[in-house]
Amino acid sequence: MKKALGLTLGVMTAIGGFVDIGNIVTSGITGARYGMTLAWAVVLGTIAMAVFGEMAGRVAAVAHRPVYHVVRERLGVRASMLNASSSVVLNVLTVAAEIGGTALVLQLATGVPYLLWVPLVAAAAWLVVWRMPFQRMERVLGLLGLSMLVFVVALFWLPTDWAALWDQTIHPAIPAEQAAPTWWFYAISLIGACLVPYQVIFFSSGGREEHWSIKDLREMRLNTFLGFPFGGLLSLALMAVAVPVLRPLGIQVNHVGQAALPVAVAFGGIGLAIALFSFLVATFAAAAESTLSTGYAVAQYFGWSWGKARPPVGAARFQFVCLATVVAAAGTVLTTIDPITITIVSVVLGAAAIPLTYFPVLVVANDRRYLGEHVNGVVTNTLGTVLLVVMVVVALVTVPLLLLTRAGQ
Amino acid sequence: MTDWAHHRFTANDLLLDRQLVDSRGMMAGRIDDLELSDPEPDPAGGGSAARAPVLTALLCGPIAYGPRLGGRLGTWWAATGRRLRGDGDGYPCRIPLSLVARVDRMQVRLTSPRELLPSYRLRAWVADKVIAPLPGSGR
Amino acid sequence: MVPGALAVALLTGCAGPTLDAGSYRQAALHTTIDLASAVATAELATRLELTGRSLAPVTSEVVSAAEDDGSSIAESFTSRQPPDEDSRALFSQLDDVVTAATDALTALRMALGLGNQAGVRQALDELQRARAALVGWQERLQ
Amino acid sequence: MRAAELIGSRVVDADGTQVGVVHDLHFRLIGRPDGEVECELDMVECGGIAVGHRLGYGHAEMTGPWPIPRLFRLLSRRSLVFGWSDVARLQPRLIVLRVRRADLARRPVRGEESA
């Protein structure tokens, strides 16, 4: 019974932990602008996330190696340095987006300008990193994040034309009045929002924090193959609610508030409050988790102690990196760059950076000396290789598209 | 004496960039470089072979890491490491093989707690000067 | 470093000068689409508020954000130099609609702030007219 | 001497022909008469491309994903190994051999021998 509870909790945490400011913004924008014609990108991103997460989790459980441990061992000093430093820059950008997103939600709820919230949010995220035990953090924030299910329920309340949604989903075509490069740009942003580097670093390092071993493989697989796809479903719901409400009115999503309005149409003030609460939890949890991921990456690269299991002085340099990350990210938001722009740039560059961590993990997942009988099977390898090719293509076209479309304008 | 899991191996496979773990299972850095005995000059001047170098110590810390990174960044890295050391010694932190308990595929395990290693100084400095003064640091 | 530099490049690169009549027309179309979006957002949020299906701080935030969007759209529209006589004519016709929309957004924000129900309803009517005009222009410009 | 001084050094043979760049060091354990065990550098591996080797594809235990192992094994076929006894002299970033390139052995694809 206790075991079953643990499994359910794990899956629910994975659902709640999947969605962050990247999903909220990109799903809202694309649903309002393109209907469900980009739903395939969420599906692709989620499948890739589940496959990647499963491999990284297996390497963490069997070979006891989280992502950046593997990166340093396999890529050598120089390549892994380049890899780790771009990952850190990207993570800081992600933390900035999450802190900014949390502050924007607080502005919506209170009317107090978001810039005033930034230092408070940053301090709160740091406190979670500093003192909150790992499992409590993961469970509390993950479970509260399930409040986002209000978007799924709203879909049934709204005048949703299910046949049209389904038709757009399975016949993806660029809407006539829209430019093709922008449509592809948002496809990449959706993939990037589902397949975030920090989430994989967090997932595999979390596995080490919770001392996963071979006997935990089943639980880990349930989390990746049930939890992540359900998280992907939440992203699709965020996209779909925009279709019956915002799209007919020609509303484009430029602000977090617009993404929550469909729930108000369905359920009024209470629904709106739940929607904002779910945004708040999702972005705040992601702020803490992406901060931790930066610390994990740097500490694993240099072989320092890391993790929340021991008090901060026992992992001093890890905590120092986390603190520096929060400060740098808060500083970035305080320059008054629009957090929504930071979010889009960070998810798109995140999509481009995926091969950096994905490839070494794919290689180690094939090494019998580390994984013994738990190496990748034919199915995982076929899927893994196809996804690798997709991600490399995405990485190559990302920057040209970013510049060509001026970040999707 | 060191317990080696393999009797033939390569530097990339088992040593370079591997995780060091101290006697209590705590992370103690990575192996950034290896120290080998200096090759003895060939007395015959090209006739018989000189004795091959043997592994004498594992090297770690920024002064060992810098040269492996190479380029200007590597030079800067090593120079920063020397400055942090403050004692003017330009040689990297050494972990002699006598302190190595076991080398296997998973990790390189040491016989002593990490506090006794020379590479511990930077960590101790961050812990004492930056982290410990903050509230709730566990000290 | 690269992402940072890219972000800066993206953020500083604002709308460049319009060169020919075709791209001026294109820019005008985008102005109508974006402005109609801001107007519709404010309308939706206010109607929800009037029917008691929203939260007051959210409504006021969404409406102010729409007003800000509206004025920055209007500003980049007026700052563009029309390249020829036709474009000049297009500008003067569209300018009235753009001004009406931004004025109505401001009026709505103020009426909401004062709790002036009649003012809110009047601003809503103006927004609705402005949006109809903008949508009409979208069809003509496409 | 440090490993980093050897790794990355250029290697030329007795005739001055380029052999490659050092990318790995092979060690073996030897028992000394007094019972101590020493870890001796017995062979040096050099070649053009070290990436596949670094990723672990020099070993038969790497099972996939297709076609990466095959590709890297093909590349690493150009890797050569020489024994320490083949070294004529060491200079900074340069190793001069006393044998000819044609006489060097190919790097074998194998697993480790466990102790």
Side-chain angles (χ1 to χ4, degrees), chain A residues 62-66 68-82 84-85 123 126-132 208 211 295-296 298-324 327 360 364 367-372, chain B residues 5-6 9 11-22 24-33 58 60-62 64-71 73-74 77 104-108 110 114-115 117 119-139:
Chain A
V62 182
H64 295 184
R65 280 165 164 74
Y68 268 86
H69 197 143
V70 166
V71 168
R72 170 86 185 256
E73 280 185 3
R74 288 294 163 138
L75 297 185
V77 171
R78 276 175 224 176
S80 61
M81 180 55 164
L82 203 66
S85 39
W126 175 71
L127 270 180
V128 168
V129 170
W130 181 248
R131 282 311 285 182
M132 204 178 203
R208 296 307 307 140
H211 304 287
Y296 289 145
V298 175
Q300 285 161 15
Y301 180 84
F302 287 112
W304 301 336
S305 318
W306 50 269
K308 295 164 67 61
R310 51 183 74 92
V313 278
R317 288 175 291 188
F318 161 75
Q319 287 288 353
F320 178 69
V321 172
C322 292
L323 178 59
V327 171
V364 171
D367 195 334
R368 270 190 201 288
R369 293 172 300 171
Y370 284 66
L371 293 181
Chain B
H6 305 281
F9 54 87
N12 280 340
D13 273 338
L14 281 191
L15 296 173
L16 285 177
D17 301 312
R18 297 297 123 156
Q19 180 76 51
L20 287 167
V21 178
D22 83 349
R24 292 164 310 169
M26 309 280 250
M27 303 294 179
R30 278 183 190 269
I31 303 175
D32 289 312
D33 203 351
L58 311 176
C60 48
Y65 176 85
R68 286 198 62 215
L69 196 58
L73 182 62
W77 203 286
D104 63 22
R105 170 96 16 239
M106 287 312 220
Q107 55 189 230
V108 175
L110 305 175
R114 59 183 181 172
E115 286 79 358
L117 299 174
S119 58
Y120 195 70
R121 295 184 41 160
L122 180 59
R123 201 211 80 95
W125 186 85
V126 176
D128 293 343
K129 295 286 190 301
V130 186
I131 299 300
L134 296 169
S137 61
R139 175 158 291 182

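Chain letters run A, B, ... following the sequence lines, proteins first, then strands; residues in each count from 1.
Heavy-atom distances place the backbone of A:A315, and not its side chain, under 4.5 Å from chain B. Neither the backbone nor the side chain of B:P62 comes within less than 4.5 Å of any heavy atom of chain A. Of the two parts of A:W304, only the backbone, made up of N, CA, C and O, holds a non-hydrogen atom closer than 4.5 Å to a non-hydrogen atom of chain B. At a 4.5 Å heavy-atom cutoff, B:A124 makes no contact with chain A through either its backbone or its side chain. With a 4.5 angstrom heavy-atom cutoff, A:R131 touches chain B only via side-chain atoms. For chain B, no part of A:L127 is nearby; none of its heavy atoms comes within less than 4.5 Å.
Heavy-atom minimum distance, B:A127 versus A:V313: CB-O, 4.1 Å. Closest approach of B:R30 to A:Y68, counting heavy atoms only: NH2-O, 4.4 Å. Considering every non-hydrogen atom in both A:V77 and B:Y65, the closest pair reads CG1-CE1, 3.8 Å. Of all the heavy atoms in A:W126 and B:L134, the pair that sits closest is CZ2-CD1, 4.0 Å. Residue A:P311 comes nearest to B:S137 through the heavy atom pair CB-O, 3.8 Å, listed as atom of the first residue, atom of the second, then distance.
Using a 4.5 Å cut-off on side-chain heavy atoms (C-beta onward), B:R68 and A:R78 make no contact. Counting only heavy atoms from C-beta outward, the side chains of A:R369 and B:D13 approach each other to under 4.5 Å.
A distance of 7.0 Å separates CZ in A:R317 from CZ in B:R123, rounded to the nearest 0.5 Å. Of the inter-residue distances, the one linking B:D17 atom CG with A:R72 atom CZ reads 4.0 Å to the nearest 0.5 angstrom. Rounding to the nearest 0.5 angstrom, the gap separating the CD atom in B:Q107 from the NE2 atom in A:H69 is 8.5 Å.
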Would you sort out whether A:F302 and B:W77 count as a ring pair (Phe, Tyr, Trp, His ring centres under 6.0 Å), showing the intermediate values? CA-CA 13 Å; A:F302 287 112; B:W77 203 286; 5.8 Å; yes
Test side-chain contact (heavy atoms from CB on, under 4.5 Å) applied to B:M27 and A:Q300, step by step: CA-CA 9 Å; B:M27 303 294 179; A:Q300 285 161 15; over 6 Å; no
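Around the CZ atom of A:F320, the shell of radius 6.0 Å holds no more than 12 heavy atoms that belong to other residues, nucleotides or ligands.
Using a 3.5 Å distance cut-off with no hydrogens or angles, the side chains of A:S305 and B:R114 do pair a donor with an acceptor.
Note: A:R65 leads A:Q319, A:H64, A:R65 in heavy-atom pairs under 4.5 Å with chain B.
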